[in-house]
Asker: 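There's a structure below that I have some questions on.
Given the structure is predicted, the values throughout are model-derived calculations rather than measurements. In what follows, chains carry the letters A, B, and so on, assigned in the order in which the sequence lines appear, proteins first and then strands, with residues in each chain numbered from 1.
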Number of protein chains: 2
Amino acid sequence: MTSNTFHKLRDEIENGIITGEFSPGERLDEVQLATRFGVSRTPIREALMQLSAIGLVEARPRRGAVVVDPGPNRIYEMFEVMAELEGMAGAMAARRHTEQDRAALLASHERCELSAASEDTDSYYYDNEVFHHAIYAASHSTFLAEQCAALHRRLRPYRRLQLRVRNRVKVSIGEHAGIIQAILDGDEAAARQRLRDHIAVQGDRFSDLVSNLSRRDKTARSP
Amino acid sequence: MTSNTFHKLRDEIENGIITGEFSPGERLDEVQLATRFGVSRTPIREALMQLSAIGLVEARPRRGAVVVDPGPNRIYEMFEVMAELEGMAGAMAARRHTEQDRAALLASHERCELSAASEDTDSYYYDNEVFHHAIYAASHSTFLAEQCAALHRRLRPYRRLQLRVRNRVKVSIGEHAGIIQAILDGDEAAARQRLRDHIAVQGDRFSDLVSNLSRRDKTARSP
DNA sequence: TTCGCAGATTATGTATACAAGACTGTTGAC
DNA sequence: GTCAACAGTCTTGTATACATAATCTGCGAA
């Protein structure tokens with residue numbers, strides 16, 4: 001990882017967006033960022049270019065870059081696509097997982113259970129990511145894994161909001177168990193279906209999401 | 001469309017890659033591109049940054065940008081994901097298409113039939129794109145439509161190669177008819193399955209693709 | 001008081017200059 | 001004869017300077 005300046009900057013800014021340091025709709029001033037990171041405008045611009053290509057910021061010509069605000073509807077659409085892709089990864093993992101994949105899946109699942117038992121939401125949040133990445137890897141489709149990982153990253157902040165919902169961690173763990181079983185049994189259809197359901201924002205979970213979104217907005221706006 | 005220089009440049013270079021003017025593995029020299037387009041290196045770099053974020057070029061630190069060469073395996077993986085996403089769009093279109101969508105779908109399908117009848121492969125190729133975009137639109141999921149359109153664009157050159165295969169146009173048209181019917185009937189499952197099959201590179205079609213790939217490479221390399 | 005216009009100001013887009021790492025070609029040693 | 005090391009060149013990465021479009025402010029008129 002011979003990280004160039006702009007490469008690091010890209011990650012920094014992306015991280016800032018994901019963690020909410022730069023809130024949706026906020027304008028990203030080039031000079032301001034440049035002085036903050038102690039570099040010139042050039043690498044900042046290049047970082048913003050990349051982020052705008054990914055869709056994290058919107059670069060309006062001659063009017064600067066702003067953090068994209070997806071809005072509830074679009075976030076819902078993103079979860080829909082995520083559910084489908086993840087289901088696909090699960091189905092492929094069921095067919096193609098190796099002994100190594102099996103070990104990785106079980107290990108990550110166990111760690112999730114430990115975190116869940118200790119009621120450490122942050123740690124569960126992290127282990128959950130590892131679990132899902134293990135599924136992507138087990139699909140043995142590099143491209144699919146990349147797409148899943150990218151979407152996963154973009155949805156990270158909202159996923160985190162969802163974990164706040166009462167009992168969600170416990171339910172989530174239960175779903176994981178079923179998913180693991182389906183994959184290791186080689187049951188493609190079940191793996192696909194369970195992962196889809198696991199990701200999809202259905203029923204009450206949509207209103208949970210929306211209410212958490214607006215709560216976040218309020219707390220973000222107030223000083 | 002207040003197109004900035006770098007915005008135009010991005011499209012130009014992207015187009016050059018898609019049309020094969022810049023062949024896979026080729027190094028994209030900044031000064032060379034700059035003199036060619038009559039601009040300085042700065043906007044060229046910004047364009048290349050965006051293309052590298054999309055995944056069309058690979059920007060190795062300090063070593064310049066090269067056109068990504070996906071290779072048969074990765075192209076196959078991309079078609080797999082495309083098939084899934086397109087199937088999803090079809091299923092959603094079956095549920096949510098409006099009267100306008102219905103008209104657009106039928107119109108684009110008719111134009112495909114005309115082009116196919118006149119055996120004008122290029123024109124069929126174009127109308128086919130319109131047809132698929134009509135499906136994306138009918139899904140009424142903006143995000144899904146964007147994802148589909150992006151992947152569609154990236155796979156454009158290979159799709160074109162596939163049309164060269166004997167009888168492919170005729171078969172394709174037949175599949176379109178079934179897809180349209182399923183969507184307009186509101187039959188989600190059928191629409192999904194038929195679109196998946198329509199896109200997926202199965203059986204003989206994979207070897208067709210690979211052989212066309214190597215043929216293209218040969219013709220591209222010889223003067 | 002509010003709307004509109006014009007100048008000033010600020011920020012973005014592009015060009016150029018400079019620094020530093022990578023590639024190439026040659027020379028010398030084994 | 002081959003391999004390695006060094007120097008030179010070339011290309012990329014970053015900084016700075018300048019041009020231009022957009023925004024802001026202040027003044028005037030309705």
Asker: Within a reach of under 6.0 Å around CZ of B:Arg153, are more than 12 heavy atoms found that belong to other residues, nucleotides or ligands?
Answerer: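 Incorrect, the count does not exceed 12.
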Asker: Does OP1 or OP2 of C:dG13 have a side-chain N or O of A:Arg45 closer than 4.0 Å?
Answerer: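 So the side-chain polar atoms of A:Arg45 do come within 4.0 Å of the phosphate oxygens OP1 or OP2 of C:dG13, strictly under.
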Asker: Expressed as a whole number of angstroms, how long is the span from B:Gln32:CD to D:dC10:C1'?
Answerer: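 Rounding to the nearest Å, CD of B:Gln32 and C1' of D:dC10 are 13 Å apart.
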Asker: Among C:dA15, C:dT12, D:dT12, which nucleotide has an atom closest to any side-chain atom of A:Val31?
Answerer: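 From the listed options, C:dT12 comes nearest.
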Asker: Take the protein atom CZ of B:Arg60 and the nucleotide atom C1' of C:dG21, then report the distance between them rounded to whole Å.
Answerer: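 Rounding to the nearest Å, CZ of B:Arg60 and C1' of C:dG21 are 14 Å apart.
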Asker: Once you round it to whole Å, what is the distance between P of C:dA11 and CD1 of A:Ile44?
Answerer: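 That distance rounds to 15 Å.
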Asker: What's the verdict on side-chain contact (heavy atoms from CB on, under 4.5 Å) for A:Tyr124 and A:Ser172, showing C-alpha distance, side-chain angles and the deciding distance?
Answerer: CA-CA 10 Å; A:Tyr124 178 75; A:Ser172 175; 2.6 Å; yes
Asker: What is the distance, to the nearest angstrom, from the CG atom on A:Leu48 to the P atom on C:dG13?
Answerer: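 It works out to 10 Å between those atoms.
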Asker: For B:His140 together with B:His97, are the ring centres under 6.0 Å from each other?
Answerer: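 Aromatic pair excluded; centres sit 6.0 Å or further apart.
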Asker: Heavy atoms from C-beta onward define the side chain here; which of C:dA15, C:dT14, D:dG13 lies closest to that of B:Glu30?
Answerer: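 The nucleotide sitting nearest to the side chain is D:dG13.
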Asker: On DNA chain C, compare the nucleotides closest to B:Glu46 and A:Asp29; which residue's is nearer the 5' end?
Answerer: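 Checking each residue's closest nucleotide, the 5'-ward one belongs to A:Asp29.
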Asker: Is it the case that D:dT20 (base atoms only) and A:Arg62 (side chain only) share a donor and an acceptor within less than 3.5 Å, ignoring hydrogens and angles?
Answerer: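 Yes, the side chain and the base share a sub-3.5 Å donor-acceptor pair.
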Asker: Take the protein atom NZ of B:Lys8 and the nucleotide atom P of C:dT14, then report the distance between them rounded to whole Å.
Answerer: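 After rounding, the gap between these two atoms is 10 Å.
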Asker: Looking only at the side chain of A:Arg27 (C-beta and beyond, no hydrogens), which of the listed nucleotides C:dA15, C:dA11, D:dT11 gets closest?
Answerer: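 Output: C:dA11.
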Asker: Between A:Leu28 (CG) and C:dG13 (P), how many Å, whole number?
Answerer: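 The answer, rounded to whole Å, is 13 Å.
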Asker: Under 6.0 Å from the six-membered ring centre of A:Phe131 and within 45° of its axis: does the NZ or CZ of A:Arg111 meet both?
Answerer: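 Not satisfied by the 6.0 Å and 45° rule.
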Asker: Rounding to a whole Å, what distance do you find between A:Leu9:CG and D:dT14:P?
Answerer: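 Those two atoms, CG and P, are 8 Å apart.
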Asker: Indicate, yes or no, whether a donor-acceptor pair under 3.5 Å links the base of D:dG13 to the side chain of B:Arg63.
Answerer: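 Such a pair does not exist between side chain and base.
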Asker: Select one nucleotide: of D:dT14, D:dT11, C:dG13, the one nearest the side-chain heavy atoms of A:Ser40.
Answerer: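 Closest nucleotide among those given: D:dT14.
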Asker: Please determine, by modelled atom types, if B:Gln147 and B:Tyr136 share a side-chain donor-acceptor pair under 3.5 angstrom.
Answerer: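 Side chains of B:Gln147 and B:Tyr136: no pair found under 3.5 Å.
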Asker: How close or far is atom P of D:dT16 from atom CZ of A:Arg41, stated in whole angstroms?
Answerer: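 To the nearest whole Å, that distance equals 12 Å.
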